[in-house]
Amino acid sequence: MSQSGKRPPMAPLIIGLLVLVALVASKSFKTVEAGYVSVATLFGNVRPAPYTEGLHFPVNPLYKWHDYDARKKTHKEVANVPSQDQLQTQLEVSVQYRLIASEAPSILTDTGSAIDVVNVHLIPKLRSLVREQGKSIKRAEDFFTEKTQEQLQAGLTLGMAEFMRPKGVEVEDVLIRDIQLPPFITKAIEQKKEREQEVEKQKAELERFRTEQQQKIALAEAERVASEQQAEQRRILADAQAYEIRKINEAVAANPAYIQLQALQALEQISKDPASKMYFMDGDSAMPLPLMHMGDRP
């Protein structure tokens, strides 16, 4: 047999067939990561049922896959909000949202990717609602009141939730992160706070002074009472001493010999002292010794 009549080798054909089978096999299953949802399209037609997280087998190897992150996300937005006084207040708000997994095919058909949903629906609506809510606020400084912030957050959350849910997005909350008033209002508020702080400081100082004065009054009252008590004690003691003296005088007057006895005892003590001298008062007296005349009645 001539060389031109030989059969072509089978090995490359078999290898090519195995590669094709492997390629088809690899396309016959789909793994969806946790927190994601996948949508399949076949020649541009969107399959109505989404593929949730996990392994899916078998699947059409001709499917083209579009993955959506269905986990919770936060979008921040800064917008200038006019109040009824025609002043612009800068608000920074954040929207907490997540894609509804079951609505992923509709999202792909109507809008596109998850980023398209944010850019086409969420951001424009959020900016519009923020401006509309701001029109209900009379003065720019009212943005700082707790009541205004609560009303603003509630209105934004409700409005965003109602608008975004048909778009396949669940809005959980809208939060106010920061408020920047016009500079001159901010300065006026700061000055007002400084004045209030100064007033509070003066009130505290006045209260401290009042407390000190009350303490001084209480101390003076206590000292007055103590002085009155001391004076009363001295009066009682003086009365007692006067009473004692009066009683002694009465006893001496009734017993003159007692004084003479005391005089003799004193003379006895004087005589024992070598340095003492004794003088006779009156030699003609019945009691010539010193002190002995004491107790005599005149």
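Remember, predicted model here, so these are calculated numbers, not experimental data. Below, all heavy atoms of this structure are taken into account, side chains as well, without hydrogens, waters or symmetry copies.
Between H56 and Y51, the ring planes lie perpendicular to each other; the angle is over 60°, past the 30° to 60° tilted range.
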- Task: Report the C-alpha separation of K30 and D67 in whole Å, then their side-chain angles, then the decisive distance to 0.1 Å, and conclude whether the salt bridge (charged side-chain N to carboxylate O under 4.0 Å, His left out) test is met.
- Result: CA-CA 11 Å; K30 171 65 176 176; D67 296 333; 3.5 Å; yes

- Item | salt bridge (charged side-chain N to carboxylate O under 4.0 Å, His left out) between R127 and E77, intermediate numbers included | CA-CA 8 Å; R127 292 176 178 175; E77 189 70 22; 2.6 Å; yes

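Remark: T157 OG1 to L175 CG distance equals 7.0 Å, nearest 0.5 Å. The distance from the NE2 atom of H75 to the CG atom of N119 is 8.0 Å, given to the nearest 0.5 Å. Taken from OG in S136 to CD in Q84, the straight-line distance is 7.0 Å, to the nearest 0.5 Å. Here the straight-line distance linking atom CG of L99 with atom NZ of K167 works out to 14.5 Å at 0.5 Å rounding. Atom CD of E244 is separated from atom CG of L237 by 9.5 Å, given to the nearest 0.5 angstrom.
Put simply, the residue from K201, K203, E196 that forms a side chain to side chain contact (heavy atoms under 4.5 Å, CB included) with V199 is K203.
Hydrophobic cluster membership is shared by V130 and I176, with clusters built from Ile, Leu, Val, Met, Phe, Trp and Tyr side chains linked at under 4.5 angstrom. Tracing side-chain contacts under 4.5 Å through hydrophobic residues (I, L, V, M, F, W, Y), one never reaches L108 starting from Y63; they form parts of separate clusters. Hydrophobic clustering of Ile, Leu, Val, Met, Phe, Trp and Tyr side chains at less than 4.5 Å, counting indirect connections, keeps L42 apart from V39.
For the residue pair Q180 / D178, a side-chain donor-acceptor distance below 3.5 Å is found, with atom types taken as modelled. No side-chain donor from either of D116 and T111 sits under 3.5 Å from a side-chain acceptor of the other.
Pairs passing the salt bridge (Lys or Arg N to Asp or Glu O under 4.0 Å) check and including a residue from residues 135-159, sequence neighbours excluded, read R139-E141, R139-D142. For residues 111-165, no residue pair satisfies the ring-ring contact (aromatic ring centres under 6.0 Å, His included) rule, not counting sequence neighbours.
For E212, the salt bridge (charged side-chain N to carboxylate O under 4.0 Å, His left out) partners at least two apart in sequence or on another chain are R208.
For CD of E33, the number of neighbouring non-hydrogen atoms (other residues, nucleotides, ligands) closer than 6.0 Å is 12 at most.
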